[in-house]
Each structure stands twice: as structure tokens, then as C-alpha cells.
Amino acid sequence: MHRFGTTVDHFGAVAVNARRMAATNPDARFREPLTLEEHHASRMISDPLRLLDCCMESDGAAAVVLTRADRADDLAQRPVYVRSAAMAADFRQASRLSVSDDDFASAAQSTLSSEVFGKAGIKAADIDVALLYDHFTPMVVMSLEDFGFCGKGEGGPFVAQGEIGLGGSLPLNPHGGHLAEVYLHGMNHVMEATRQLRGTSTNQVDDVELALVGGAGGVAPTTGCVLGR
Amino acid sequence: MNANLDHVPGLAVPGLVPPTQYPLTTGYWAAADDGRLVVQRCDRCGTHRHLPAPVCHACQAPEWSWSELSGSGSVYSYTWVRTALTDAFAAVVPFNVCVVELDGADGVRLAATVTDVDEDTDLVGTRVQAYFAELGNGHRLLLFAPV
């Protein structure tokens with residue numbers, strides 16, 4: 001915020017997007033629409049994080065069945081494929097406070113971005129839908145920058161301009177994410193990526209061929225995968 | 001309530017758990033109890049580091065010594081905590097947690113509260129000086145104040 005002029009309106013745009021997506025998801029915990037004003041009126045937790053910038057700890061379960069591609073062909077559900085998976089650290093976690101300016105104002109996912117896109121042989125622009133770990137709204141803004149969907153410091157305007165909506169250049173968390181569907185620590189993001197690739201989401205994006213799932217940002221190491229159909 | 005902390009706004013924390021010490025950190029707390037700020041410094045290449053680690057991140061040497069710093073620095077980033085995570089903090093919110101970049105320490109930063117500052121002020125860049133306050137549990141806590 002100090003360096004790039006990112007604002008609480010930008011954080012609020014992430015929260016509003018999550019609720020808008022969740023409105024049509026019958027499995028979502030928070031389906032009521034949210035306005036920026038309501039976001040700004042929620043109580044302060046730790047400046048600048050307000051209540052509605054934070055996801056809610058939840059009980060739940062999710063399972064993913066992994067098997068060989070040739071076996072998956074015979075299963076009842078249409079398979080999706082792991083195009084790449086990676087774990088990477090931009091810095092030593094114990095040094096988190098003493099890292100470079102660029103790493104400090106980041107989700108610690110720039111090395112992961114190179115690894116996960118490199119292994120899949122794709123670029124950020126090839127991703128059709130992103131499932132980014134939204135435990136806190138500012139981390140989504142910085143994840144978008146780290147993965148190269150926008151430039152460094154441009155994540156705020158990117159989300160505020162609607163680029164992460166269903167009609168935007170990068171639909172983000174169409175299930176409502178951790179903020180509005182449920183906080184299953186990324187597993188529900190894997191499930192939504194799978195639904196998007198099968199064409200069975202409640203907020204289906206057109207012609208999804210590649211989906212990015214980003215693990216928890218802000219810590220080292222972090223993880224991610226690209227799923228494809 | 002600890003009378004020793006009455007002059008420090010927002011930091012008298014009854015029930016605050018004393019620091020867990022282990023070989024890499026005992027020297028830090030011993031110095032703090034003596035009113036001195038120390039961080040590790042590599043014996044081979046001279047690079048400072050913090051939080052304590054067994055090996056130098058710059059040259060991988062395992063030999064190190066405690067290095068006493070002046071305690072001056074600048075606020076790099078900060079937050080104001082307004083919700084108490086445990087009962088011990090219920091009486092002291094709001095308080096700030098600042099990331100302070102220490103002078104003469106190869107960019108080492110640490111987290112601490114800066115006292116005597118206003119909630120409405122942008123603290124980034126504020127010049128601060130370390131001091132230590134009695135916690136009443138046998139230890140002293142690192143704090144900073146503007147200079």
C-alpha cells in the first residue's frame with residue numbers, strides 16, 4: 001500500500017467478487033451479496049485487514065482421486081490431468097521480515113510461478129481460470145502479480161477493474177473461494193478447478209482448457225499446480 | 001497489572017507467556033534482560049542475521065557470534081492489532097506491530113512495538129530507537145520509541 005498505492009477498495013473488490021461468485025453456488029457458506037461499503041464497514045481485525053478480508057476457519061472434507069491417465073479413462077467421472085505441480089520458496093521463511101522490497105510486498109510465489117508454468121510449458125496468459133488461495137484478500141492481489149497475470153504493483157487496479165469476474169480476462173475463484181464458499185485450505189480450489197475443466201461448475205467459464213491452482217501464499221515454501229483437460 | 005509497565009501504553013500484558021529459550025536464542029534474551037540488543041553475525045563473512053539460525057545464509061559458515069547493535073533503525077512496515085487473539089491481550093488492544101530495519105546490520109529487520117506514536121500517523125520511515133521494558137516475569141521486552 002505504501003509502495004504501490006494499493007487501497008482498501010482493491011482488497012474489497014476481491015471480497016465482493018467472492019460473494020458474487022458464491023451467490024449461485026449451493027454449497028457456499030456465504031451467498032449473500034456484498035457491497036464495497038459493507039466491506040469497509042466490517043470491523044477492523046489488524047489494520048488494514050477487516051473482518052471481510054479474512055476467510056473463516058471451517059470444518060469440512062474434500063478428496064481427490066489420483067490415478068494413471070490410462071486407468072482414468074475407464075472411470076465413471078471424466079478425468080482431468082495434472083499438467084504440472086511444483087513447490088518453491090522465494091526466501092527462507094525465518095528471514096521473512098528481512099527480504100528484498102519485491103519479496104516483502106509479494107505472496108512469495110514468483111519462483112513457484114516460473115516452476116509451475118515452466119513445467120507445463122505454458123505462460124500465465126494461457127490460463128483460462130485461476131483458483132488462488134484467498135485466506136486474506138491482499139494475498140490474492142499479490143498472488144496475481146507473482147503469477148504474472150498483471151505487473152508488480154498492478155494487482156489492485158487489476159481486481160478493481162473487474163478482470164477477475166466471470167466476464168474478465170481472468171475469472172478468479174468461481175466457486176466463491178475460501179472467502180465465500182469454504183476454507184478447506186486449497187482443497188476446494190482443486191475441486192473447483194476440476195469442475196471447471198469438466199464443465200460442471202455453477203459458474204462455468206467458457207472453454208476452460210487450463211486451470212491454475214495456487215497454494216497458500218505469503219509463506220515459504222508455497223505450492224501450486226496446473227490442471228488441464 | 002505490572003507497575004513496571006505503567007508508563008508504557010498498551011504493553012502491560014498480564015499472563016504473557018515468557019519466551020521459550022533454546023541454545024540459539026538464550027544469548028538474545030540474556031542481552032535483552034541486560035538492556036542490550038544483539039543479533040547473530042557470521043564469524044567468517046561478517047553478515048548479520050535474525051531470526052537466529054545455525055548457519056549463515058550468505059556463506060553457509062556455522063561459526064557465529066552475538067553482535068551488539070546501537071538499536072537505531074527505521075520503520076519498514078506496520079500494522080495496528082485491534083482484535084485480541086488471547087485473553088492476555090484483551091486489555092491492551094489496539095497496539096502496533098512494526099517491522100523495524102536496524103541500522104548497521106545488513107538489512108536485518110525484526111518485529112516489535114513502537115510506543116509513543118499516534119494511530120493516525122503513517123509510520124513507514126519513522127526513525128526509532130530501541131529500549132527494553134520490564135515484563136515482570138523475569139524478562140525484558142524489546143520496544144522502540146521515535147527519536
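Below, read A as the first sequence line, B as the second, and so on, with proteins coming before strands; counting in each chain starts at 1.
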Do the side chains of A:L97 and B:Y76 get nearer than 4.5 Å, heavy atoms only?
no
Let me know if B:V81 has heavy atoms under 4.5 Å from chain A in its side chain, its backbone, both or neither.
both
So, do B:W80 and A:M44 sit near enough that their side-chain heavy atoms are less than 4.5 Å apart?
no
Between A:H2 and B:V124 the two heavy atoms that sit nearest each other are NE2-CG1, 3.3 Å
If I take atom OG from residue B:S77 and atom CZ from residue A:R3, how far apart are they, to the nearest 0.5 angstrom?
12.0 Å
So for B:D106, is it side chain, backbone, both, or neither that comes closer than 4.5 Å to the heavy atoms of chain A?
neither
Heavy-atom pairs under 4.5 Å with chain B - which of A:D101, A:D47, A:L49 has more of them than the others?
A:D47
Quick one: does any side-chain atom of B:R82 pair with a main-chain N or O of A:I45 as donor and acceptor, under 3.5 Å?
no
Would you say A:D59 has more than 12 foreign heavy atoms packed within less than 6.0 Å of its CG?
no
Can you measure from CZ (B:R109) to CZ (A:R96) and round to the nearest 0.5 angstrom?
10.0 Å
Among A:S95, A:P48, A:S98, A:S100, which has the most heavy-atom pairs under 4.5 Å with chain B?
A:S98
For A:M87, is the CE atom crowded, meaning more than 12 foreign heavy atoms sit under 6.0 Å from it?
no
